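Notes for the one structure printed next.
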There are 2 protein chains.
Amino acid sequence: MKKISPTIRDVAAAAGVSVATVSKYINGAQRFSAPVEAKLKEAIDTLGYRSNPLARSMITGKTRTIGLTILDISNPHFTNVVKGANRIALRHDYTLLLVDIDEQQARERPLIEALAQRVDGLLVSSRLPDENAQWMLDLDKPVVLLRNAELPIPSVGINSRLATYMLARHLLDLGHRRIAYLGFEHARINDERIRGARECLAEAGLELDIYEAHAPTSLAGEQACSRVMLGPKRPQAVICYNDLIALGFMKEAATLGIRVPQDVSVTGIDNVPYGAYAAPGLTTVDIQSEHMGELAMQKLIDALAGHPDPGNSMFEPRLIVRESTASVA
Amino acid sequence: MKKISPTIRDVAAAAGVSVATVSKYINGAQRFSAPVEAKLKEAIDTLGYRSNPLARSMITGKTRTIGLTILDISNPHFTNVVKGANRIALRHDYTLLLVDIDEQQARERPLIEALAQRVDGLLVSSRLPDENAQWMLDLDKPVVLLRNAELPIPSVGINSRLATYMLARHLLDLGHRRIAYLGFEHARINDERIRGARECLAEAGLELDIYEAHAPTSLAGEQACSRVMLGPKRPQAVICYNDLIALGFMKEAATLGIRVPQDVSVTGIDNVPYGAYAAPGLTTVDIQSEHMGELAMQKLIDALAGHPDPGNSMFEPRLIVRESTASVA
DNA sequence: CTGAAAGCGCTAACAC
DNA sequence: GTGTTAGCGCTTTCAG
């Protein structure tokens with residue numbers, strides 16, 4: 001059962017034409033006389049010929065593949081980014097070469113450099129600070145960054161500062177005064193998020209208490225909960241770095257006998273699907289993850305087609321109020 | 001800024017050796033005399049040479065890429081499969097070419113066939129029934145199926161029948177008699193799941209009432225809830241096709257004023273991460289999604305290395321009892 | 001419209 | 001150890 005697949009030469013022989021003609025036919029490069037076209041069609045499907053994409057790629061330098069690096073596919077935010085990116089890619093006949101960096105920064109650069117050689121362009125989500133991302137300019141492939149960048153690389157991101165500003169505003173409106181932020185300092189946008197909340201509180205003459213989760217995960221949220229809630233400065237409301245941390249936080253709060261939202265209001269960021277199915281439903285900010293993936297891929301494909309759209313595109317966050325936040329008793 | 005990247009010939013020239021020598025050096029195929037090795041090293045990094053993987057692939061026929069088709073990356077079950085598969089792949093220096101079929105069966109076969117030409121092997125998750133999957137044998141690439149297959153194709157799956165049997169048993173033990181199954185008939189394994197639950201109930205002289213969700217999603221679970229709970233045969237317990245449906249079901253139940261688990265016990269299948277963070281926590285069956293991805297990838301890589309492990313590997317489900325199930329009042 | 005010929009960048013025998 | 005020589009399967013001038 002080791003049938004060697006037919007090459008363009010076999011087709012040419014069978015159809016009694018030259019390989020060049022076959023090549024042009026396959027690529028729809030021009031029109032043909034009726035008899036030639038008929039013979040080609042015939043030869044191709046009796047042989048079951050399929051052109052070898054590798055050989056074509058070597059010559060054209062195009063692979064119809066987009067490299068996508070993601071920090072952690074388990075995080076629904078990134079899952080949605082992939083979903084959106086995949087949708088647009090398939091629509092344009094591109095396929096995704098996916099690399100889940102899996103939170104190990106060390107391998108990031110070599111992985112991306114290797115990836116770059118095998119794709120037409122890249123979508124990159126990375127924790128690398130802008131200063132250390134210059135090398136991406138040397139990849140000689142179009143890149144779109146999944147974040148807000150100051151670099152001369154097109155990017156798609158979210159206004160994180162506004163996101164936390166909105167959450168802080170919402171909590172202030174509910175009458176909260178002691179508001180804490182449970183962050184994740186290894187994320188580049190953590191500072192932005194702190195700034196947004198701080199600004200808002202400052203306008204009310206208040207300060208933001210800052211706590212740290214050791215990972216952007218539910219488990220880390222659970223583990224941080226007692227530290228935040230049973231410490232000396234128990235907050236009335238907690239803004240979490242993301243929804244996963246918030247969900248973990250809420251679960252552990254329940255275990256500790258702390259009621260949400262009666263005893264503490266909790267918010268996340270991302271609007272992951274499961275925030276709506278938690279109880280109480282999680283108040284959060286929608287950052288349009290799937291649209292981010294779509295837009296980033298669209299920008300990349302446009303660049304590939306010779307219509308680069310440089311600069312940073314920023315999505316505006318949208319507040320989603322559910323039951324995890326409430327007025328001060 | 002259009003620097004054409006150096007080829008193996010440039011390196012050979014710069015180092016004063018033949019291209020064959022360079023090729024062997026790059027591939028670490030043998031040892032070299034000290035002076036040659038030094039010159040090669042020198043030439044390679046002054047030129048910044050990187051071998052072109054496309055050219056290599058064309059000759060060797062190997063791409064170090066694994067094709068992975070998934071039904072819906074948004075479903076945490078599949079997300080975890082990807083996570084596991086990616087981990088093993090990276091460990092062996094393979095990369096994933098991901099295609100999210102996105103629940104549109106029509107494009108499945110052509111997409112997979114195209115994918116097969118560009119990869120060394122495939123991991124396939126598909127809704128195609130075994131009878132219509134014969135063509136996969138003709139892909140001329142090793143394939144591992146992510147399901148229980150009767151085909152002569154290696155596969156990794158879960159004992160679905162046992163999963164629902166266990167859930168039914170658990171519910172019977174809690175004293176439930178009127179037990180319903182909320183399924184998703186387009187899934188191949190739906191029948192297996194029905195059978196497992198039915199068998200268990202039959203042993204107790206009971207029958208299973210069957211309802212249908214129109215998709216394997218939370219939204220579909222929400223929409224099905226009133227149909228199940230406000231119909232003529234209100235069940236005491238509901239076994240849902242998967243966790244997403246169960247989560248949606250529980251949410252809508254709360255909206256309808258039906259208490260879980262006091263008024264109805266609910267279970268899912270999959271053990272997605274967010275089942276633990278719902279309230280009440282979702283009783284479910286762990287199907288080891290991530291391990292499935294790992295094992296499937298390992299089987300594929302073994303096959304690629306000439307150590308095929310044919311046959312079906314089946315994971316055993318594990319019951320996870322949380323708060324969404326309770327004894328009859 | 002069709003074909004001949006020259007490679008793309010690399011590997012793989014096989015000599016030396 | 002190192003070099004020579006064929007190509008892999010395809011696209012792409014450039015003639016006719």
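Just so it is clear: chains get the letters A, B, ... in the order the sequence lines come, proteins before strands, and each one is counted from 1. Computed over heavy atoms, backbone and side chain alike; hydrogens, waters and symmetry mates excluded. Note that the coordinates shown come from a computational prediction; the quantities given were computed from them, not determined experimentally.
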[X] has a side chain; which of [options] sits nearest to it?
X	options	value
I59(A)	dT11(D), dG3(D), dT2(C)	dT11(D)
N52(B)	dT2(C), dG9(C), dC10(D)	dG9(C)
Y49(A)	dC10(C), dC10(D), dT2(D)	dC10(D)
K24(B)	dT2(D), dG3(C), dC10(D)	dT2(D)
S33(A)	dG3(C), dA12(C), dT2(C)	dT2(C)

Exercise. What bend angle does the helix from dC1(C)-dG16(D) to dC16(C)-dG1(D) show across its length, from five-pair end axes and to the nearest 10 degrees?
Worked result: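 Between the first-five-pair axis and the last-five-pair axis there is 30°.
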Strictly below 4.0 Å, N to O, side chains only: are [X] and [Y] in salt-bridge contact?
X	Y	value
R107(A)	D102(A)	no
K141(A)	D120(A)	no
E290(B)	R87(B)	yes

Counting only side-chain N and O atoms of [X], is one of them less than 4.0 Å from OP1 or OP2 of [N]?
X	N	value
S18(A)	dT2(C)	no
R31(B)	dT2(D)	no
N27(A)	dT11(D)	yes
S23(A)	dT11(D)	yes
S57(B)	dC10(C)	no

Provide, to the nearest angstrom, the distance between the [atom1] atom belonging to [X] and the [atom2] atom belonging to [N].
X	N	atom1	atom2	value
R9(A)	dG3(C)	CZ	P	15 Å
R50(A)	dG9(D)	CZ	P	17 Å
L54(B)	dG9(D)	CG	P	15 Å
D10(A)	dC8(D)	CG	C1'	13 Å
R56(B)	dG7(D)	CZ	P	22 Å
I26(B)	dA12(C)	CD1	C1'	14 Å
R64(A)	dT11(D)	CZ	C1'	16 Å
I8(B)	dG3(D)	CD1	P	12 Å

Exercise. Closest nucleotide of DNA chain D for A20(A) versus for M58(A): which of these residues is on the 5' side?
Worked result: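 Between the two, 5'-proximity favours M58(A).
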Exercise. For residues 21-47 of chain A, which residue pairs qualify under ring-ring contact (aromatic ring centres under 6.0 Å, His included), counting only residues two or more places apart or in two chains?
Worked result: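 Qualifying pairs, neighbours excluded: Y25(A)-F32(A).
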Exercise. Hey, is the main chain of S23(B) close enough, under 3.5 Å, to the side chain of N27(B) for a donor-acceptor pair?
Worked result: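 Here the side-chain-to-backbone pair exists.
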For this session: State whether the side chain of T65(A) and the backbone N or O of V119(A) hold a donor-acceptor pair below 3.5 Å, judged by distance alone.
Result: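 Flag not set: sc T65(A) to bb V119(A) has no pair under 3.5 Å.
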Answer with base, sugar-phosphate or nothing: what part of the nucleic acid does [X] contact at a heavy-atom distance below 4.0 Å?
X	result
S51(B)	sugar-phosphate
V22(A)	nothing
Y25(B)	nothing

Exercise. Is there a donor-acceptor contact under 3.5 Å linking the side chains of S313(A) and K299(A)?
Worked result: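 The criterion, which ignores hydrogens and geometry beyond distance, is satisfied for K299(A) and S313(A).
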For this session: Determine whether the side chains of N312(A) and R147(A) contain a donor N or O and an acceptor N or O closer than 3.5 Å.
Result: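 Looking only at side-chain atoms, R147(A) and N312(A) do not form any donor-acceptor pair under 3.5 Å.
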